[in-house]
Amino acid sequence: MYSADQNNDFDRSDDDPLSGVYDTTNTAFYDIYSDSIVGRDMSLAVGSAGVTFIAMMIHTKSPFLTLMGLLQILLSFPLAYFVYYFIGGLVFFPFLNFIGIFVVFALGADDVFVAVDKWKNARHELPSGTTEQIAALALPDAAYAMLLTSTTTAVAFFGTALCPVAPIVAFAVFCGLLIIFDYLMNIFLVFPALCLYDTWLLRGSKNPCINFEWCCKRNEDPDSEATTPHVNETDKETIKERISSDDEEIQDDDPDAEERHKELEEEKHALIHRLLDGYYNFIHKFRWYVLGLSLAGSIVCAVIASKLTLPVSSEVSILPDSNNYQKHRVWSQQLLSTMLAKGEGSEVVISWGILPADTGDHLNPDSWTKLVLDDTFNPRTDSAQTYLLGFCDRLFANDFASAVSPDYVCPINAFDQWLKVQSAAETPQVSYAQKCNGASSVPVPSDIFDDCIISWSKSVNETYVLEENNSVKIMQVRTRSNVLFDSPFSDLKEEYDAYEAWLASERETAPAEVNGMFHSSLDFWWYDTNGQMLQTAYGAAAIALACAAVIVFISSRSFILTLFAALSIGYVLVAATACLVGLGWELGFLESILFAILIGISCDFVIHFGHAYTMYSGDVNRHYRSNFSLTHMGPSVLAAAFTTFCAAIVMIFTEITFFQKFAVILFMTIVHSVIGSFVVFVVLCDCIGPSEPTKTYDSIKTKLKQCF
């Protein structure tokens, strides 16, 4: 299972196989195994790439465009790493960054689908147009639509970079860069590829490497209905009935309406468009019932989602519960020795003479800090010595603190006892006789304090009194708290706040030369790490939601559509959260970070529909707008949902818990994003959507121009 050098670390064997079982609470095997399976989990990214390849091949029906799409995704990795490492100066590359492989394969295909569909839609609108005309019509719109969704996703990642925890910052920055370069590569590779693709087709190319759609079609008359669709009288009446409002009739002599009818029919020439049109007919017929069910379902999901709780333990598991190493880890926590150790609490150190500073590289865990001395610390004065002498008695009088052992004595108190013993002894120690000048107790005269206490600390090997150049620089007191690092977050917070509040009151009464003390503990470090992650998750979620609202408004220029989008995104979040509550999840720090990131993903589909809803200017019936947005952007959204869905399925088979949780949240987000866009958003637009979505925006813009 392990390499020879790893075997030797444990059994000192000479390259012999490691056999047998182990029964120890040491986590070295757990850590080695966790590191080793990261590579195996990453091999599943090949499966994700395969799914993306197949989906793009089916959707584009062009091996050439599929190859360009994959190349676009693959090139985003070295480009993102170049900026990450050489420009950003980030040398730390945690295993979390590898999840970006799944993310960019899933989301990168979305941009390809949008670009291809925009081009094909433009070609249907201008069947006799040149490649340059099609490019002028399709590519700016495609670039704009992709920019909107890429911005929300990138902002969600970069918003998570507010977290001061290095692995999370590295993960967020790297994934954000992947999204940016995937977008840029789409423009620089896929857009030119579409131009070449269209040029070759116009020249009559039958090369299956360029396009194999012609192979699957029966021979048809170029002038037949399939090429030039028309609207018969029966279809015309159906269209009129569908897009007319309750008290409005479509006029036969309205040339714009007839043109829109024709365009809508052209949208439906493919099977997917006919299926989406049939779906719209159904949803339109029962739109008010569906709207009521959507609102009721959202309320129910919100109630269930509110039951999501914080974890009862701060411990983070890398491996799933079914793994033998994880089972052993859980078992070891139930051993009597472990329970007794937990019952004793953990150690807290209160320090004077140093500042709570970190001079290392915060984004590189291998970079350690240097001690920063507190120049105001001066324990030599009588008032300072007297204060320090009574400090431990006041500290241990609190319920949250106790001595680390029954025989523990704080350094200054132990020094005081030593002085009393030595001053009364007939033959005192040489260290006392030479350095303490007969001092019998604390306070010691300030001119001999440093020499005397340093002499004592060396004689008893006291490591919590540190000196430099024969001057006391650091003093520390140890105490025991009532919590451990894996205690519930609320317990850790209560304990931390108790220490902080008590020390704050002590600083107010302490002499100025010794009032710079602070407390520290590995347990409080872990508590602060979890707290920072939770705060970052909330902050990143707020940033992502705000960005999503701004992007939706920019794309739609409609206050009403922005509200509809917010309601749809809200549904996605509460529905996905309700599902996770049903799975028994808690809001740990990993889950919080993932929620913040996936807010940016959840709004992509709604943005596409909202943008398509406003493509026609002026007064156009809401039912026509809803149908057009569904049939126009539906194929791209469904294709993107499929690839992301499949990527999530692939990730579920990984063994690292973080990957699995990301897959589950991604899976739930995509499922409910499809429902939120195809059901909630479309029904809202179809029932109460504006016929002139940009009217209010245009009116305000006009008035502002008049004012300025």
Side-chain angles (χ1 to χ4, degrees), residues 45-46 48-84 86-87 100-123 130-151 153-154 157 174-203 205 207-213 604 608 633 635-637 639-640 642-644 647:
V46 178
S48 178
V51 170
T52 302
F53 175 83
I54 294 172
M56 286 197 294
M57 184 72 76
I58 294 173
H59 190 80
T60 64
K61 299 180 178 61
S62 170
F64 172 68
L65 293 179
T66 300
L67 178 62
M68 290 298 102
L70 284 178
L71 186 61
Q72 157 219 317
I73 295 172
L74 293 174
L75 285 178
S76 64
F77 286 98
L79 291 172
Y81 185 77
F82 178 84
V83 174
Y84 176 91
F86 291 101
I87 298 179
I101 297 175
F102 298 96
V103 172
V104 77
F105 268 113
L107 302 183
D110 184 11
D111 290 346
V112 176
F113 297 146
V114 171
V116 171
D117 283 353
K118 291 285 187 182
W119 187 280
K120 290 185 176 180
N121 289 335
R123 173 53 69 188
T130 64
T131 298
E132 291 78 7
Q133 291 172 329
I134 300 302
L137 179 64
L139 297 187
D141 189 39
Y144 181 63
M146 292 185 301
L147 177 63
L148 297 175
T149 56
S150 298
T151 299
T153 306
F157 279 116
F174 184 68
C175 288
L177 290 173
L178 283 176
I179 298 300
I180 291 175
F181 281 105
D182 179 75
Y183 171 76
L184 294 176
M185 287 299 98
N186 192 291
I187 292 177
F188 293 138
L189 288 179
V190 177
F191 282 15
L194 283 169
C195 294
L196 292 173
Y197 167 84
D198 190 73
T199 301
W200 291 332
L201 291 186
L202 289 178
R203 293 175 181 174
S205 174
N207 189 338
C209 292
I210 298 174
N211 182 277
F212 58 78
E213 186 175 8
D604 286 0
H608 286 314
M633 292 305 303
S636 299
V637 170
F642 175 77
T643 55
T644 309

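Reckoned from all heavy atoms, side chains included, excluding hydrogens, waters and symmetry mates.
- Distance check: I210 CD1 to R203 CZ gives 10.0 Å after rounding to the nearest 0.5 Å.
- The two residues A639 and H59 come nearest to each other via the heavy atoms CB-ND1, 3.6 Å.
- For the atom pair H608 NE2 and M146 CE, the distance stands at 9.0 Å (nearest 0.5 Å).
- Between A154 and G176, the shortest heavy-atom contact is CB-O, 4.3 Å.
- Taking 4.5 Å as the limit, every side-chain heavy atom of D110 sits out of range of all side-chain heavy atoms of T643.
- Here I73 contributes atom CD1 and N186 contributes atom CG; the two are 9.0 Å apart, rounded to the nearest 0.5 Å.
- Listed here is the closest heavy atom pair of A122 and A138: CB-CB, 3.7 Å.
- The heavy-atom pair separating A145 from K118 by the smallest distance is CB-CE, 4.3 Å.
- Side chain of S150 to backbone of L147: no donor-acceptor contact under 3.5 angstrom is found.
- Side-chain contact check for D604 versus T153: some heavy-atom pair is nearer than 4.5 Å.
- Under the 4.5 Å side-chain criterion, counting only non-hydrogen atoms from C-beta, V114 is not in contact with T149.
- The shortest side-chain heavy-atom distance between K61 and V116 does not fall under the 4.5 Å cut-off.
- Inter-residue side-chain proximity for D141 and W119 is flagged as unmet; no heavy-atom pair is nearer than 4.5 Å.
- Other residues, nucleotides and ligands place no more than 12 heavy atoms under 6.0 Å from the CZ atom of F642.
- Note that NZ of K120 is 6.5 Å distant from OG1 of T60, once rounded to the nearest 0.5 Å.
- Sequence neighbours left out, the pairs with a member in residues 174-199 that pass ring-ring contact (aromatic ring centres under 6.0 Å, His included) are Y84-F174, F93-F174.
- Checked options I134, L139, V190; the residue passing with C195 is L139 (criterion: side-chain contact (heavy atoms from CB on, under 4.5 Å)).
- Interatomic distance, CG of D182 versus CZ of F105, reported as 10.0 Å (0.5 Å rounding).
- Considering every non-hydrogen atom in both M68 and A193, the closest pair reads CG-CB, 3.5 Å.
- Counting all heavy atoms, side chain and backbone alike, A80 lies closest to L177 at O-CD1, 3.6 Å.
- Of the inter-residue distances, the one linking L71 atom CG with T66 atom OG1 reads 12.5 Å to the nearest 0.5 angstrom.
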